[in-house]
Amino acid sequence: MNTALDLLNKGVEYAQNKNYIQAEKCFRQSLELDPNNPVTIRNLGNACAADGRMTEGLVYLTQYLDMRPDDLETMGHVLYLKYNYCIWNGLERMQERLKKGLQEHTLQSEPKLLFLGMTFEERYHYMTKLAAENKKLSLLRKEKPFSLPTYQHDKLKVGFFTTDIGPSPCGFVIASLWENLSHDDFEWHCFSCRKLSDKPEDAPLIKRHKAAFDFFHDVSNIKDFRMMADTIAKEEIDILIDVNMLINSMYPALYYKPAPIIVNYLGYPSTTGLPWYDYMIADAWTVPSEKERWFTEKIIRMPHCYHCVDTNPETYPGLAPKSILGLPEKGTIFACLKLHLTIGICGCAF
């Protein structure tokens, strides 16, 4: 007979394989045997949310936070879900709880979505604190960064380090930028850190992305930071552009300095707090000049806007029906859509 722990572990395994229906079944059976286990309640909430039943998932996740009010990672995840699905109740109170908690604690997992409502100064202090205390980074600092020679290339080699090949928030907007890169004086490389989708509807955008580069390197199977850095360094990249930072779990590989110059661009428009990022591409709105002191990177400002937009969106999947969001099919829908809402710096209204 399965114990509550057996069922919990089995549910976690199902969830890791994205079989959320079976995962939920195991978690519910586990709760029948151990009704007040907060870990099981949290996993049940995550499974329901991942299966698209956001309201139900948030009920369990909120119940879990009542039991474990100091779990800042889960609190950040709940905030992310609420913002993305326009569930506004309790947002401000939870956001203030999170900000207060971050002043006292440094999370060891990457705080991808914990900067809602933070000022530039608050983000700077938190990220530099994280950089000093993060266990992953502390282990890396026992090793020496690479000492690279000065390359003499006929064309400057520029690489993009990204998880955004195919559909993703950055992947949708950056396609035209990649397609309009100049190949006369530059050689373009892509280091793709995410396993590519095999869905037929995603294939056209993936094809566009891959075709934009002179060299495409699928590094999605590399999980060792040193090996990732070695792979990049072997290509003799002069400038490496990180499109994701915290969103890419392999970002610590850049500690080794696999390229002489490393740039933060687009996906994480805030300071990294890390000394191996040399520059950040921004604009006058993303990083106002009077706020520049709160960035560890040197700021490169684009003359108008740092953000790119795809001018050829025909390769995207068809629009979903409005009914998915509970909206009427006929009539005008007014919306305010904020880009990079989770960082809270750049906004666009339509």
| said: Side chains of D164 and N244: any donor to acceptor distance under 3.5 Å? | reply: yes

- prompt: Is V59 reachable from L81 through a run of hydrophobic residues whose side-chain heavy atoms are each under 4.5 Å from the next?
  reply: no

Practice task
Give a yes or no on whether Y265 and V309 share a hydrophobic cluster (residues Ile, Leu, Val, Met, Phe, Trp, Tyr; joining criterion: side-chain heavy atoms under 4.5 Å apart).
Solution key: no

ask   = Yes or no on side-chain hydrogen bond (donor to acceptor under 3.5 Å, both in side chains) for S176 and D310, after CA distance, side-chain angles and deciding distance?
value = CA-CA 5 Å; S176 287; D310 187 11; 2.4 Å; yes

Distance under 6.0 Å and angle within 45° of the ring axis: does K210 meet both against F216? yes

- Message: Taking the ring of F215 and the ring of W188, is the distance between their centroids below 6.0 Å?
- Response: no

Quiz item: If you group Ile, Leu, Val, Met, Phe, Trp and Tyr by side-chain heavy-atom gaps below 4.5 Å, do I241 and F186 land in one group?
Solution: yes

Salt bridge check, R42 against E73: does any charged N sit closer than 4.0 Å to a carboxylate O? no

Heavy-atom check, side chain of I41 versus side chain of M67, under 4.5 Å:
yes

Between F160 and W178, is the gap from one ring center to the other below 6.0 Å? yes

(request) Would you please test Y124 and W294 for ring-ring contact (aromatic ring centres under 6.0 Å, His included) and show each step? (result) CA-CA 5 Å; Y124 169 81; W294 301 120; 5.5 Å; yes

So, Y14 and E24: side-chain donor and acceptor under 3.5 Å apart, yes or no? no

(request) Tell me, with the steps shown, if Y256 and D230 meet side-chain hydrogen bond (donor to acceptor under 3.5 Å, both in side chains). (result) CA-CA 9 Å; Y256 290 101; D230 280 331; over 6 Å; no

message = For the residue pair R123 and Y126, would you count it as a cation-pi contact if the rule is NZ or CZ under 6.0 angstrom from the ring centre and within 45 degrees of the ring axis?
response = no

Crowding at NZ, K298 (>12 non-hydrogen neighbours, <6.0 Å)
no

*Steps toward side-chain hydrogen bond (donor to acceptor under 3.5 Å, both in side chains) verdict (H153, D238)*: CA-CA 9 Å; H153 299 137; D238 294 293; 2.8 Å; yes

Exercise for the section: Verify the neighbour count for atom CD of E92: are there more than 12 heavy atoms of other residues, nucleotides or ligands below 6.0 Å? Expected result: no

* **E121 atom CD, neighbour heavy-atom count above 12 within 6.0 Å** => yes

